[in-house]
There are 2 protein chains.
Amino acid sequence: MAGCASPFAAQVKSAGFALSPSGDEEEEALSRLRSAGDRMTTPRRLLVRCLFEASGHRTAEELAAEIQTYAPDVSISTVYRNLEELERLGVVVHLHLGHGPATYHLATEAHGHLVCRKCEIQVEIADGFFADLRRRAIADFGFAIDPRHFAVIGLCATCQADAEDLGDSTAG
Amino acid sequence: MAGCASPFAAQVKSAGFALSPSGDEEEEALSRLRSAGDRMTTPRRLLVRCLFEASGHRTAEELAAEIQTYAPDVSISTVYRNLEELERLGVVVHLHLGHGPATYHLATEAHGHLVCRKCEIQVEIADGFFADLRRRAIADFGFAIDPRHFAVIGLCATCQADAEDLGDSTAG
DNA sequence: CTATTTGCAAAATGTTTGCAATCCG
DNA sequence: CGGATTGCAAACATTTTGCAAATAG
């Protein structure tokens, strides 16, 4: 639930809210907000900072918790609203890893996932895994798939073995 | 929202609740319930009947509405509880077609789906579409995928064309 | 008879919205 | 200053749960 906390906590505390962006990509994200006519607010800046500070997928709630380390009053609805805006601008995307809440990450980090329906372990997979599916979807239906938006559910090797131990009549 | 309504409404009205099962598969589903020690109640019978009467995916709410045509007091929580039990017994499976509610259908009718993220049109796809993905998931990770549990999101041909008309910078 | 199942209402979960107060530019 | 943005609380949508009353076997 923490994650990007310590590294830039110090910066915030020592310099008010002069959060120094760490890279070009982060600067570009801020530019995109400005170009879209969006104002540069504290919750907005902190959210962008959190997204770039630690990569990986985090839920809106997790992001809110990180942000609240620095600005305790930032509400989850503001986080949702800003994630929506960043998604509209192409900076972030959201991903459904299973039955729980959506997770958010930088659009540049998008990739596919396998998730075990039993133990919920996640495996990141390369886009090449979907090459055949993509080709067929276009060829047969003109469909341009985005196989990274929903994870592909399944059973990992360990849980398959467990299921066999019990007899697999309930394997569905 | 209706669907399996008229055909067996007549049967129900003319013969109390002597809903005559229409096929072997339906009989087998009822047997499975009995074998599992489950009691044969009216909501249970009606749900099974509805599931077999019309194929296709329906949400719990839609199924409840159909059932309530005959037994108005059946509550949605009973429908959820019985769907859960039928899923445990391998009779039905649930499927997520996008951001809305889950849909339920007979396990024997499971297949993959493409869903357009914009117009939400759905395309049913053959299991062969996933052959390559399945093979790679097993080979590289020992993962047995179930690509029919979550639809694959994308953009249909029409919506791709629309996006190009507008310039596709917001295509994410 | 009694354990299972039900209906209802309430809780839980995840996300969105209405609105007055606040803040950016 | 004036409109964009926020925080809060309440609404929303879907699914789950607690519990007393009903019912199958």
Side-chain angles (χ1 to χ4, degrees), chain A residues 1 16-19 30-48 57-65 67-68 70-89 92-104 120 150, chain B residues 1 16-19 30-48 57-65 67-68 70-89 92-104 120 150:
Chain A
M1 278 233 192
F17 283 126
L19 304 173
L30 297 173
S31 303
R32 282 207 218 182
L33 283 168
R34 284 182 218 274
S35 307
D38 292 327
R39 293 179 179 177
M40 202 46 53
T41 65
T42 297
R44 207 106 88 182
R45 235 189 287 264
L46 284 168
L47 174 59
V48 170
H57 351 89
R58 277 159 294 168
T59 64
E61 196 177 19
E62 287 165 349
L63 287 163
I67 291 168
Q68 284 158 2
Y70 315 109
D73 287 347
V74 173
S75 77
I76 188 127
S77 49
T78 297
V79 173
Y80 274 112
R81 281 187 280 231
N82 283 316
L83 284 170
E84 187 181 29
E85 175 67 359
L86 288 170
E87 191 150 20
R88 202 182 62 81
L89 296 176
V92 309
V93 292
H94 76 273
L95 151 75
H96 301 272
L97 283 170
H99 286 172
T103 62
Y104 294 80
E120 297 190 288
F150 283 94
Chain B
M1 274 227 194
F17 282 126
L19 304 174
L30 296 173
S31 302
R32 282 208 218 183
L33 283 167
R34 284 181 217 275
S35 306
D38 292 327
R39 293 179 180 177
M40 203 47 55
T41 66
T42 297
R44 207 105 88 183
R45 235 188 285 264
L46 284 168
L47 174 59
V48 171
H57 351 87
R58 276 159 295 169
T59 63
E61 198 177 17
E62 288 165 347
L63 287 164
I67 290 168
Q68 284 159 1
Y70 315 108
D73 287 348
V74 172
S75 78
I76 188 125
S77 50
T78 298
V79 173
Y80 274 112
R81 280 187 282 230
N82 283 317
L83 284 169
E84 186 182 30
E85 175 66 359
L86 288 170
E87 191 150 21
R88 201 181 63 80
L89 296 177
V92 308
V93 293
H94 76 272
L95 151 74
H96 301 272
L97 283 170
H99 286 170
T103 62
Y104 295 79
E120 297 189 289
F150 282 95

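To find a chain, count down the sequence lines: A is the first, B the second, and so on, and within it residues start at 1. If you're wondering where the values come from, they're calculated on a predicted model, not measured in any experiment. All heavy atoms count here, side chains included; hydrogens, waters and symmetry mates do not.
- Taking the side chain as every heavy atom from C-beta outward, B/Val74 and B/Leu47 never approach each other to under 4.5 Å.
- Nucleic acid contact for B/Ala60: none, since no nucleic acid atom lies under 4.0 Å from a heavy atom of the residue.
- Following rounding to the nearest Å, A/His99 (NE2) and D/dA13 (C1') show an atom-to-atom distance of 16 Å.
- How far CE of B/Met40 is from CZ of B/Arg34: 4.0 Å, rounded to the nearest 0.5 Å.
- Looking only at side-chain heavy atoms (C-beta outward), A/Leu63 and A/Tyr104 come within less than 4.5 Å of each other.
- As a whole-Å value, the separation of B/Ile76 CD1 from C/dT6 C1' is 15 Å.
- Counting to the nearest Å, the P atom of D/dT14 and the CG atom of B/Leu95 are 15 Å from each other.
- As a whole-Å value, the separation of A/Leu46 CG from D/dT5 C1' is 15 Å.
- Every residue meeting the side-chain hydrogen bond (donor to acceptor under 3.5 Å, both in side chains) condition with B/Arg44, not counting sequence neighbours, appears here in chain and number order: B/Asn82.
- Between A/Glu85 atom CD and D/dT5 atom P the separation is 7 Å, expressed in whole Å.
- In this structure B/Thr103 satisfies the side-chain hydrogen bond (donor to acceptor under 3.5 Å, both in side chains) test with no other residue, sequence neighbours excluded.
- Judged as a side-chain hydrogen bond (donor to acceptor under 3.5 Å, both in side chains), and not counting sequence neighbours, the contacts of B/His96 are A/His99, B/His94.
- Between D/dT6, D/dG7, C/dT6, one nucleotide has an atom nearer to the side chain of A/Arg44 than all others, and that is D/dT6.
- Residue B/Ile67 contributes atom CD1, which lies 10 Å from atom P of C/dT6 at whole-angstrom precision.
- Nearest-nucleotide assignment on DNA chain D puts the 5′-proximal partner with A/Val74, out of B/Gly100 and A/Val74.
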Footprint string (nucleotides 20-25 of chain D, 5' to 3'): B base within contact, S backbone only, - free, heavy atoms under 4.0 Å: ---BBS
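- Heavy-atom nearest nucleotides on DNA chain D were determined for A/Asn82 and for B/His96, and the one closer to the 5' end corresponds to A/Asn82.
- In this structure, A/Glu62 atom CD and C/dG14 atom P are separated by 11 Å, rounded to whole Å.
- Not counting sequence neighbours, the partners of A/Thr78 by the side-chain hydrogen bond (donor to acceptor under 3.5 Å, both in side chains) test are A/Ser75.
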Can you tabulate the close N/O pairs, meaning under 3.5 Å, that link protein atoms to atoms of nucleotides 17-19 of chain D?
from	atom 1	to	atom 2	distance (Å)
D/dG18	O6	B/Arg81	NH1	3.4

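- B/Tyr80 has no side-chain polar atom (N or O) that falls below the 4.0 Å cut-off from OP1 or OP2 of D/dT16.
- Remark: P of C/dT5 and CG of B/Leu83 are 15 Å apart, rounded to the nearest angstrom.
- Under the rule for a salt bridge (charged side-chain N to carboxylate O under 4.0 Å, His left out), B/Arg81 has no partner lying at least two apart in sequence or in another chain.
- In this structure the side chain of A/Glu85 reaches within 4.5 angstrom of the side chain of A/Leu33, judged on heavy atoms.
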